[in-house]
Amino acid sequence: ATEYSSLFTFFGGTGDLAKRKLYPSLFKLYVRGNLGEHFAVLGTARDSWTDDKFREVVTQSIKDDQPDADMHAAEIFVSHFYYIAHDVTDKAHYAVMKDLVEKLDKQYSINGNRIFYLSMAPRFFGEVALNLKSEGLLSENGSNRLVIEKPFGTDFTTAETLNDQLSGAFDETQIYRIDHYLGKEMVQNIQALRFGNTLVESLWNNRYIDNVQVTLSEKLGVEDRAGYYDTAGALRDMVQNHIMQIVSQLAMEQPVSFTDADVRVEKIKALRSLRVYSPAEAAKNFIRGQYGANDTEPAYRDEPNVPKDSHNDTFVAGKLLFDNYRWSGVPFYVRTGKRLADKFTRIDVVFKKPLIDIFAFPQNRDNSLAPNVLTIYVEPNSGFSLQLNAKTAGQGFETEPIHLDFQQDVAQKEETPEPYERLLHDTLKGDQTNFASWDEVSYAWKFVDVIQKLWDSETPDFPNYISGSMGPAASDELLQRDHRAWVYRL
Ligand code: NAD
């Protein structure tokens with residue numbers, strides 16, 4: 001494994017994400033040999049912790065995540081961890097932080113490579129970035145990278161303001177906007193599947209594909225995140241970022257090479273050809289939902305901290321259209337929601353049926369050919385399935401769909417890094433392929449803004465779907481209207 005040297009500063013270092021994901025992922029990189037002697041981690045937040053307390057918490061978070069972890073290795077790993085209490089809005093604190101950063105840089109011979117990870121409320125992102133620069137925390141000899149969590153703004157205008165602030169301190173090649181779906185194995189596999197297979201890529205267009213379906217289905221409800229979620233909703237929380245990222249990879253042209261710069265160019269080009277709807281088109285092509293109770297689970301409006309009259313969307317389904325030569329006429333249907341039947345993410349690519357079903361005529365009018373469907377299972381299982389038609393065994397000539405299935409086995413699963421481990425690794429390496437660029441974020445917001453604005457102007461009739469279903473009836477009707485259906489249905 002390539003060994004990297006870097007000084008990580010985690011803002012929000014006592015927070016939930018840091019404990020659950022960031023420290024355990026960093027430890028995995030350490031175990032794999034991507035971090036050796038020359039690294040240090042500075043945790044910072046408002047809580048007044050000591051280094052010892054911080055190391056205890058990190059050790060515990062490793063144990064929770066990896067019960068079989070080598071605790072001797074963990075002990076050496078956490079000896080590189082330091083903590084400083086800091087209010088990000090108080091400039092004076094940055095001077096103290098600067099001294100410590102410079103000391104650690106020397107102590108661990110890090111040569112000025114710095115990663116600043118903002119794992120805290122988004123309202124602080126801009127201010128922290130600007131303070132890092134103005135208070136002299138950026139190194140002059142090494143690389144400076146800024147990693148920021150989602151959400152990136154709440155609409156195009158707020159995203160642009162945030163981006164302007166970040167740009168005042170870091171340039172685009174230094175900004176790593178996290179979209180953890182881009183760290184998922186099978187999302188990355190979209191590219192291998194498409195550009196590594198003649199069989200797939202030669203059919204990947206409107207001559208052979210009838211429609212594409214992307215489903216991000218959650219089983220859980222809002223849990224304890226109502227404070228954030230009730231102001232965001234499914235459209236902003238899932239479609240603007242994760243779904244748009246997946247869709248742009250499905251729709252993009254072949255990049256010149258598989259480097260971050262070349263891949264970004266193609267994703268941006270795809271997003272530029274995405275049709276931004278008028279309000280009337282948005283009303284027709286996007287539907288929303290909010291879960292009601294079932295026998296065991298409460299309605300969204302009865303969840304803790306959710307207003308009784310909340311109009312927030314916990315479900316969204318929509319149809320996207322790309323106005324380009326490859327995709328003209330091919331709808332991309334997307335849906336996501338909470339409290340659905342199951343937790344999974346999948347992509348179904350539905351091919352056109354043969355123009356003539358020779359098996360149906362003249363002798364067998366009941367025969368019907370199923371479409372070929374290529375399914376990419378993103379999670380919880382990683383795999384592909386290809387639905388083909390084959391002859392039913394026996395006399396006569398009927399056809400039936402069969403499936404060629406590939407599922408990753410246990411060994412492959414073990415080799416698969418968690419999204420945050422992969423994304424931290426990419427950050428160390430300086431590879432931005434799996435991070436959202438500003439152009440991508442801005443096109444995605446412009447698309448979503450029209451829909452959100454329309455929804456904000458109308459009062460929906462909620463709740464409109466039962467917990468444990470696959471969303472409101474309108475989601476199925478969206479496809480029925482086009483004489484189609486969701487491939488995954490109950
Ligand atoms: P959290 O509320 O658990 O942690 C917030 C952290 O920020 C704490 O360490 C707190 O001490 C610190 N903080 C707050 N105000 C501060 C100030 N003025 N100065 C210094 N420190 C301050 O939040 P979280 O769940 O860990 O989320 C962090 C970020 O990650 C957010 O942007 C969130 O949207 C994003 N995110 C979280 C999750 C998740 O699963 N928790 C998932 C996706 C994205």
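Atoms within a ligand are numbered from 1 in the order they appear, just like the ligands themselves.
Distance from atom 43 (C) of ligand 1 to its nearest protein heavy atom, with residue and atom name: Glu149 OE1, 3.9 Å. The protein non-hydrogen atom at the shortest distance from atom 19 (N) of ligand 1 is Val88 N, 3.0 Å. Protein heavy atom in closest approach to atom 14 (C) of ligand 1: Arg46 NH2, 3.7 Å. The shortest contact between atom 26 (O) of ligand 1 and any protein heavy atom is with Leu17 N, 2.8 Å. Protein heavy atom at the shortest distance from atom 41 (N) of ligand 1 is Asp16 OD2, 2.7 Å. Among all non-hydrogen protein atoms, the one lying nearest atom 6 (C) of ligand 1 is Gly12 CA, 3.5 Å. In this structure, the protein non-hydrogen atom closest to atom 20 (C) of ligand 1 is His86 O, 3.1 Å.
In plain terms, the two heavy atoms of Arg335 and Ala317 that are nearest each other are CB-CB, 3.9 Å. Taking each heavy atom of Ser467 and Gly292 in turn, the nearest pair found is OG-O, 2.8 Å.
Not a single heavy atom of Phe11 sits under 4.0 Å from any atom of ligand 1. At least one heavy atom of Asp47 sits less than 4.0 Å from an atom of ligand 1. Tyr228 does not count as a contact of ligand 1, since none of its heavy atoms falls under 4.0 Å from the ligand. The closest approach between Arg20 and ligand 1 falls below 4.0 Å for a heavy atom of the residue.
We find the CG-CG distance between Leu100 and Leu42 to be 5.0 Å, quoted to the nearest 0.5 Å.
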**Request:** Show your working on salt bridge (Lys or Arg N to Asp or Glu O under 4.0 Å) between Lys98 and Glu135 and close with a plain yes or no.
**Result:** CA-CA 8 Å; Lys98 181 179 186 213; Glu135 305 314 301; over 6 Å; no
**Asked** What's the verdict on side chain to side chain contact (heavy atoms under 4.5 Å, CB included) for Lys63 and Met71, showing C-alpha distance, side-chain angles and the deciding distance?
**Response** CA-CA 8 Å; Lys63 274 190 197 152; Met71 291 323 286; 3.6 Å; yes
**Asked** Are Asp52 and Thr50 close enough, and set up right, to give a side chain to side chain donor-acceptor pair (under 3.5 Å), and what steps lead you there?
**Response** CA-CA 5 Å; Asp52 282 343; Thr50 59; 5.3 Å; no
**Item:** Trace of the side chain to side chain donor-acceptor pair (under 3.5 Å) decision for Asp431 with Thr433
**Value:** CA-CA 6 Å; Asp431 183 342; Thr433 310; 2.6 Å; yes
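None of Asp260, Asp426, Ile148 except one satisfies the side chain to side chain contact (heavy atoms under 4.5 Å, CB included) rule with Phe435; the exception is Asp426.
Residue contacts with ligand 1, taken as heavy atom pairs separated by less than 4.0 Å, do not involve His180 at all. Residue-level proximity to ligand 1 for Phe125 is carried by the side chain, the only part with a heavy atom below 4.0 angstrom. Residue-level proximity to ligand 1 for Met120 is carried by backbone and side chain together, each with a heavy atom below 4.0 angstrom.
Residues meeting the side chain to side chain contact (heavy atoms under 4.5 Å, CB included) test with Gln249, sequence neighbours left out: Leu182, Val187, Ile190, Gln191, Lys267.
For Glu172, the CD atom counts as densely surrounded, since its 6.0 Å shell holds more than 12 non-hydrogen atoms of other residues, nucleotides or ligands. Around NZ of Lys150, the count of heavy atoms belonging to other residues, nucleotides or ligands within 6.0 Å exceeds 12.
The atoms of ligand 1 that sit less than 4.0 Å from any heavy atom of Ala45 are 9 (O), 11 (O), 21 (N). Proximity to Thr14 (heavy-atom distance under 4.0 Å) selects the following atoms of ligand 1: 8 (C), 9 (O), 11 (O). Atom numbering of ligand 1 starts at 1 in the shown order; those under 4.0 Å from a heavy atom of Lys150 are 32 (O), 33 (C), 34 (O), 35 (C), 44 (C). Against a heavy-atom cut-off of under 4.0 Å, Phe124 is close to the following atoms of ligand 1: 15 (N), 18 (N).
Where the criterion is an N or O separation shorter than 3.5 Å, residue side chain and backbone included, Asp87 meets it with respect to ligand 1. Looking at Gly15 next to ligand 1, an N or O pair under 3.5 Å apart turns up.
A tilted orientation is assigned to the rings of Phe39 and Tyr30, their planes being inclined by 30° to 60°.
In summary, the side chains of Asn241 and Gln245 do not present any donor paired with an acceptor at a separation below 3.5 Å, with no hydrogens or angles considered.
Taking a distance limit of 4.0 Å, we find that atom 9 (O) of ligand 1 is approached by some protein heavy atom.
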